[in-house]
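Chain letters run A, B, ... following the sequence lines, proteins first, then strands; residues in each count from 1. Owing to the predicted nature of the structure, the values given are computational and were not obtained by experimental measurement.
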Protein chains: 2
Amino acid sequence: MSEVQHSTREKILEAALRLFSQKGYLGATTKEIAAESGVAEVTLFRHFSSKEALLEDVLTSYTYLPALKEIIPSVSKLPYEEALVEIARGFLITLDLRQDFIKIIHSERHLYSEKLLKGYHSTINEIFVTLAAYLSDMQKSGTLREFDSFLAARAFFGMFFSYFTQSHLLMFKKYGPSETDHLIKEYVGFFVRGTIREGLTNND
Amino acid sequence: MSEVQHSTREKILEAALRLFSQKGYLGATTKEIAAESGVAEVTLFRHFSSKEALLEDVLTSYTYLPALKEIIPSVSKLPYEEALVEIARGFLITLDLRQDFIKIIHSERHLYSEKLLKGYHSTINEIFVTLAAYLSDMQKSGTLREFDSFLAARAFFGMFFSYFTQSHLLMFKKYGPSETDHLIKEYVGFFVRGTIREGLTNND
DNA sequence: GTAAAATGTTAGTAAGCACTTACAAACATA
DNA sequence: TATGTTTGTAAGTGCTTACTAACATTTTAC
């Protein structure tokens with residue numbers, strides 16, 4: 001067990017992340033969060049001026065999905081299908097790691113500020129744009145047919161994000177690792193055939 | 001404005017649906033719900049034994065997505081691509097109509113009972129199975145290649161559900177009607193080419 | 001070892017919450 | 001008109017909540 005040394009502040013942030021994602025912002029009490037952190041409630045308020053400030057700090061501390069932008073360059077030399085499999089795999093892993101954060105964002109959409117929402121949006125957008133750029137390149141090189149690359153990226157991540165939502169957030173049919181692998185390959189299969197240039201393409 | 005005559009009970013249920021979806025179960029107070037319904041708070045408790053009972057009644061009253069099962073048979077004679085466009089359109093319309101319900105389900109996942117969750121799951125499953133059956137038929141008739149039809153159905157709805165989630169629940173880039181039409185056509189385009197039988201299919 | 005900084009303990013406050021009681025008013029039905 | 005049903009008003013109960021104050025204790029830094 002390689003437990004890292006956590007500061008009081010970090011312990012509180014982690015407990016808050018966990019409890020907010022499990023019970024919602026209003027459902028998790030400051031008393032509970034303090035107990036879960038192993039500190040007194042008053043200590044929580046000495047580190048964070050209010051419960052709302054705590055939420056803000058949680059959301060900015062555990063911010064979302066930087067990893068994916070690095071995956072795409074690193075796989076761009078692979079064959080198309082393999083590259084997509086790696087992208088999908090990386091995407092699902094990242095979602096898994098950040099699931100508490102994502103749960104909060106999806107549950108407490110009415111609470112958090114315009115600023116945070118915009119940050120989340122721009123991150124999503126960045127992800128789409130990054131994949132879209134890769135797809136655009138593949139179109140220019142003649143591998144892929146013509147289509148709206150931004151929408152394609154959105155469709156691609158949409159398939160996987162929906163699977164994640166259903167299995168993690170709504171506890172609907174969740175697969176084991178080998179089945180997830182199967183799912184990835186099938187999904188990528190649809191997308192590859194859906195986007196690749198074929199001999200018999202009839203453009204209108 | 002063709003306002004229907006609503007019973008007190010119905011007025012409360014509607015207001016509760018609206019407020020629960022906007023502010024969450026804990027965020028919406030019984031006082032507010034009563035005010036929004038135009039009744040006294042005590043009247044709310046004469047119709048519903050508790051706030052929790054009210055939530056249960058809201059969720060069972062505005063239950064989810066029956067429409068889609070009727071769409072698929074009605075379009076099964078259309079060409080493949082047109083059929084999928086109609087299915088996608090119907091799906092998005094239904095999601096739109098039920099968006100308050102869906103918002104609650106996604107926000108309050110920690111609150112509602114095992115029973116309700118199972119009901120929701122079986123509805124989702126039914127939708128997937130219905131489309132999967134249609135796809136299976138198309139495979140047997142030779143129009144489509146071989147693939148896991150359940151996963152294909154899940155991927156198809158996943159693309160659109162993700163778009164719905166992002167635009168309605170997270171207020172990320174939402175398109176107007178004509179742009180949505182464009183999105184549907186592009187998404188369906190990917191899926192059609194991803195699933196159709198091609199002359200030059202190289203199965204391993 | 002000593003001062004300072006961080007934490008714990010205990011008690012408390014003010015507000016908001018779901019929910020109740022008692023009684024009066026409005027309304028429909030006969 | 002009389003009667004039962006539904007609603008409103010008003011007041012209040014008991015509980016929980018976020019948050020604070022005062023003081024004791026522990027941990028850290030030099």
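- Checked against a 6.0 Å centroid threshold, the rings of F190(A) and F190(B) do not count as neighbours.
- Residues from residues 15-22 of chain B that place a heavy atom under 4.0 Å from any atom of DNA chain C: there are none.
- For R46(A), the side chain to side chain donor-acceptor pair (under 3.5 Å) test picks out no residue, with sequence neighbours left out.
- The side chain to side chain donor-acceptor pair (under 3.5 Å) check on E56(A) picks up nothing, with sequence neighbours excluded.
- A salt bridge links E86(B) to R89(B): one of the charged nitrogens lies within less than 4.0 Å of a carboxylate oxygen.
- Taking every heavy atom of both residues into account, E10(A) and Y62(A) meet most closely at O-OH, 4.3 Å.
- Phosphate contact (OP1/OP2 of dG8(D), side-chain N/O of T43(B), threshold under 4.0 Å): present.
- Residue I12(B) contributes atom CD1, which lies 13 Å from atom C1' of dG8(D) at whole-angstrom precision.
- Residue E179(A) qualifies as enclosed at atom CD: its count of foreign heavy atoms under 6.0 Å is above 12.
- Ring pair F91(A)/F157(A) is tilted by interplanar angle, where 30° to 60° counts as tilted.
- End-to-end axis angle of the helix from dG1(C)-dC30(D) to dA30(C)-dT1(D), using five pairs per end and rounding to 10°, comes to 30°.
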Quick tally for nucleotides 14-30 of chain D: nucleotides whose base has a protein heavy atom under 4.0 Å get B, sugar-phosphate-only ones S, the rest -, giving ---SSBBB---------

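- Aromatic pair F161(A)/H106(A): centroids less than 6.0 angstrom apart.
- Partners of S141(B) according to the side chain to side chain donor-acceptor pair (under 3.5 Å) rule, which considers only residues two or more places apart in sequence or in another chain, are T143(B).
- As rounded to whole Å, 11 Å separates atom P of dG8(D) from atom CG of L44(B).
- Put simply, the side chain of R154(A) reaches to within 4.5 Å of the side chain of Y187(B), judged on heavy atoms.
- Residue H47(A) places at least one side-chain N or O closer than 4.0 Å to OP1 or OP2 of dT7(C).
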